[in-house]
Protein chains: 2
Amino acid sequence: MQSQVKRRSARPRPPSAVTLQQVAQVAGVSLATASRVLSDSNRNVTQELQERVLEAAARLRYVSNAPARALVQSTTSIVGLIVHDVNDAYYSAIAAGVMEVARDHKLLVMLAGTFHEPGLQAEYVARLRAQRARAVVLAGSGFTGGSPALTQELEAFAAQGGRVTAVAHQDLPVDTIVPGNREGGRAVAEHLAQLGHTEIGIICGPLALVSVQDRLHGFLERAAELGISVQERHRVEADFTRDGGRAAAVRLFRRSPGITALFALNDAMALGALAALRDDLGRSVPADVSVVGFDDLPVACDVTPALTTVRLPLEEIGRRALLLALGDATASPRTLAVPSRLVVRASTAPPPRPTG
Amino acid sequence: MQSQVKRRSARPRPPSAVTLQQVAQVAGVSLATASRVLSDSNRNVTQELQERVLEAAARLRYVSNAPARALVQSTTSIVGLIVHDVNDAYYSAIAAGVMEVARDHKLLVMLAGTFHEPGLQAEYVARLRAQRARAVVLAGSGFTGGSPALTQELEAFAAQGGRVTAVAHQDLPVDTIVPGNREGGRAVAEHLAQLGHTEIGIICGPLALVSVQDRLHGFLERAAELGISVQERHRVEADFTRDGGRAAAVRLFRRSPGITALFALNDAMALGALAALRDDLGRSVPADVSVVGFDDLPVACDVTPALTTVRLPLEEIGRRALLLALGDATASPRTLAVPSRLVVRASTAPPPRPTG
DNA sequence: AGCTGCACTGAAAGCGTTTTCCCATTGCGC
DNA sequence: GCGCAATGGGAAAACGCTTTCAGTGCAGCT
């Protein structure tokens with residue numbers, strides 16, 4: 001009954017945890033039986049033994065060793081989530097969606113932050129591959145042209161059965177969510193044109209980002225269709241942050257004071273621009289200048305004036321991303337478009353003087 | 001040289017990953033040698049063999065199986081982070097700090113969200129214990145009176161060598177970070193008193209939360225010292241969210257229109273209160289009513305008027321929390337106070353008419 | 001030449017599980 | 001009353017790795 005108690009080497013190890021063996025011993029059953037009771041095995045165990053095992057496990061506060069389990073089953077309940085910066089409301093919204101689905105599926109989420117270092121994405125995929133994560137959600141926007149290292153890592157991950165969903169990436173051999181960036185850009189162009197703006201400034205994020213490109217091109221495309229051309233010097237590139245937006249707005253208005261509308265390619269930058277217009281440039285919004293953002297972060301309706309922006313259902317994107325990765329593997333790679341929607345608030349109005 | 005190739009049962013498993021065995025075989029060395037090259041062992045291997053192994057590993061895109069590694073070393077490079085809601089700027093700021101330290105220590109972060117369900121904290125600790133996480137940061141504020149289930153889980157975790165830091169918890173047998181909640185509450189009382197406010201409303205979060213209690217009592221304590229008493233009916237309890245704050249502000253002003261200052265126990269609620277005052281109650285801030293928040297989320301300076309609030313260095317709290325958990329185990333349990341600081345902005349001013 | 005000591009490699013043990021295989025017992029039909 | 005399927009329990013294999021232990025070859029010494 002207790003024939004399996006073995007001596008073990010006295011290597012310096014951390015204080016050891018309760019093992020199934022100990023539970024079995026306390027319950028007076030074999031290891032196999034204990035396992036069958038505690039893991040949901042398809043074999044049955046007598047009521048009697050079952051209770052004994054359960055009681056022993058509870059008394060010892062036993063929890064099964066997940067790595068050991070992972071080893072034998074060669075699968076885990078871990079999913080990875082790779083973002084650029086957790087403290088960015090865009091990503092934390094996506095993360096919330098991912099976590100919700102993870103909770104419902106009893107999965108654990110491994111959160112990796114690249115801190116905007118491009119190379120780290122591939123590295124984290126590798127680490128999650130090492131962890132034998134079931135799935136990975138690449139929430140951070142990709143870089144135009146893709147990254148060979150990342151692609152290779154993803155292939156290796158897929159080869160071992162890992163599933164991946166990428167959000168706003170291009171040419172990756174995985175399920176991809178395409179947020180309505182282009183379409184949102186178009187809507188903004190339409191809105192500003194309709195209000196009568198012709199002198200429009202654009203504050204871009206890093207042009208290497210897929211989502212920046214999409215938003216920008218959507219806008220330019222539609223603007224062109226409506227006969228508005230945005231001069232090269234009315235476009236500035238900035239960090240995708242509040243401070244980036246603020247500095248960019250100042251630069252832009254110093255250079256081209258005649259601008260009557262400002263399209264910031266995300267809300268964070270729009271917030272910065274709002275601050276710049278108010279505190280640094282002394283322009284009032286929307287009377288002097290209209291401002292549009294992108295993302296519709298919760299803040300957007302708390303600033304004054306409330307920000308006109310493009311709503312991206314970020315939590316839903318997170319949810320869909322994980323669900324996609326958890327879903328049917330054979331259909332992969334799929335592409336899922338998530339629409340965006342213009343939300344007009346108080347930060348946009350007709351330009352101060354009639355155009356022309 | 002390749003004597004260890006074994007037959008394996010044809011159980012249906014996911015497409016299998018590259019193993020060290022395969023690398024060894026390709027490199028023409030033994031498993032042991034390959035391991036010595038790829039794990040940073042203290043044994044050395046000839047230059048020649050080393051290169052062969054490295055090359056084979058690279059070619060096969062080998063990454064070592066973390067669960068297997070964890071099993072034999074009985075430790076992992078995983079740390080847990082338990083929050084109530086990732087999409088809450090308070091927690092994402094703490095998370096950012098934790099992730100920063102994790103990155104520097106090459107640790108992976110497992111993020112668990114309780115979605116405000118109290119019981120889930122203990123459950124997640126158990127799951128992280130099962131994962132053999134090295135450390136856990138309990139970022140979500142605790143409940144007054146503590147939770148026996150949580151305490152027991154933490155003890156079990158500690159018993160197997162796990163380290164824990166709790167933020168704003170009480171009576172837990174682990175390292176604890178005590179944010180300057182009480183002290184911040186006192187500072188707010190002082191500030192409002194100095195401006196001449198005597199009719200002060202308080203929007204509390206769930207009173208069961210330790211941080212709510214601390215903030216509230218700090219405030220009341222100092223207010224009392226200064227001869228101001230906050231009537232019971234000037235205090236309302238609300239969800240710790242923007243919407244909670246908004247609804248509470250409306251309730252409060254309907255009931256007690258004479259209030260000249262409002263202390264919301266966190267910024268999210270203060271934002272809601274601001275919205276309520278502006279949109280629902282038609283009061284101007286700070287001319288009619290002063291508003292104070294707590295946390296100093298990034299939003300605080302983007303709203304109009306910019307919010308007077310108590311700054312809590314959240315990222316630093318996150319950093320310190322993980323560092324504490326990673327640090328000297330023998331000194332545990334320790335307590336680390338992190339000071340807060342009142343940040344006066346534009347949302348507070350003297351009350352509309354002189355008191356008395 | 002024969003040994004000692006050194007430097008390295010390889011075989012094998014073991015980490016804590018799940019699962020397979022085998023055995024013992026029971027219930028059933030004939 | 002006997003064989004046979006069905007049931008449930010235990011021993012042991014296997015998962016992929018690290019590490020110990022036991023070689024093996026070779027230089028350096030006596």
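In what follows, every chain begins at residue 1, and chains take the letters A, B, ... in the order their sequences are listed.
- Aromatic ring orientation, B/H84 versus B/Y91: perpendicular (interplanar angle above 60°, classes split at 30° and 60°).
- The existence of a salt bridge linking A/E123 and A/R127 is excluded, since no basic side-chain nitrogen approaches an acidic carboxylate oxygen closer than 4.0 Å.
- B/Q50 contributes a side-chain N or O that, together with a main-chain N or O of B/V45, makes up a donor-acceptor pair within less than 3.5 Å.
- As rounded to whole Å, 13 Å separates atom P of D/dT19 from atom CG of B/L71.
- Between B/L120 and B/T114 the shortest heavy-atom distance is CD1-O, 3.4 Å.
- The interatomic distance linking B/L49 (CG) with C/dT9 (P) rounds to 5 Å, in whole Å.
- Regarding contacts with the backbone of C/dT17, a side-chain N or O of A/Y62 is found under 4.0 angstrom from either OP1 or OP2.
- Residue B/S35 is in base contact, counting any heavy-atom pair closer than 4.0 Å across all strands shown.
- Across the interface with DNA chain C, nearest-nucleotide mapping of B/A68 and B/V45 shows B/V45 to be the residue nearer the 5′ end.
- For C/dT18, one of the phosphate oxygens OP1 or OP2 lies less than 4.0 angstrom from a side-chain nitrogen or oxygen of A/R69.
- With sequence neighbours excluded, no residue forms a side chain to side chain donor-acceptor pair (under 3.5 Å) with A/Y124.
- A/L20 places its CG atom 11 Å from the P atom of C/dG16, with the value rounded to the nearest Å.
- Checking D/dC17, C/dT17, D/dG9 against every side-chain atom of B/T19, the shortest atom distance belongs to D/dC17.
- Distance, B/Q21 CD to D/dC15 C1': 13 Å, rounded to whole Å.
- Between the side chain of B/T76 and the main chain of B/R132, a donor-acceptor pair closer than 3.5 Å is present.
- Note that the two end axes of the helix from C/dA1-D/dT30 to C/dC30-D/dG1 enclose an angle of 60°, each drawn from 5 base pairs, rounded to 10 degrees.
- Between B/N44 and B/R132, the residue anchored closer to the 5' end of DNA chain C is B/N44, taking for each the nucleotide with the nearest heavy atom.
- In this structure, of D/dT18, D/dG8, D/dA11, it is D/dA11 that holds the atom nearest to the side chain of A/A32.
- Candidate nucleotides D/dG16, C/dT9, D/dG8 were compared by shortest atom distance to the side chain of A/T46, and D/dG8 ranks first.
- Look at B/S64 and you won't find any side-chain N or O under 4.0 angstrom from OP1 or OP2 of D/dC17.
- Close to C/dT9, at under 4.0 Å from its OP1 or OP2, lies no side-chain N or O of B/S30.
- At whole-Å resolution of the value, CZ in A/R129 and C1' in D/dG16 are 15 Å apart.
- In this structure, OG on A/S92 lies 11.5 Å from CE on A/M99, to the nearest 0.5 angstrom.
- Rounded to the nearest 0.5 Å, atoms CG (A/L150) and CD (A/E155) are 10.0 Å apart.
- A/Q73 places its CD atom 15 Å from the C1' atom of D/dG16, with the value rounded to the nearest Å.
- When distances are taken from the side chain of A/S39 to each of D/dC17, C/dT18, C/dT19, the shortest belongs to C/dT18.
- The base of D/dT7 has none of its N or O atoms less than 3.5 Å from a complementary donor or acceptor on the side chain of A/R36.
- Remark on DNA chain D: of its neighbouring residues B/P67 and B/T33, the 5'-side contact belongs to B/P67, judged by nearest-heavy-atom nucleotide.
- Atom-to-atom, CG of A/L31 to P of C/dG16 comes out at 11 Å; the value is rounded to the nearest Å.
- One interatomic measurement links the two molecules: CZ of B/R43 to P of D/dA22, which rounds to 13 Å at whole-angstrom precision.
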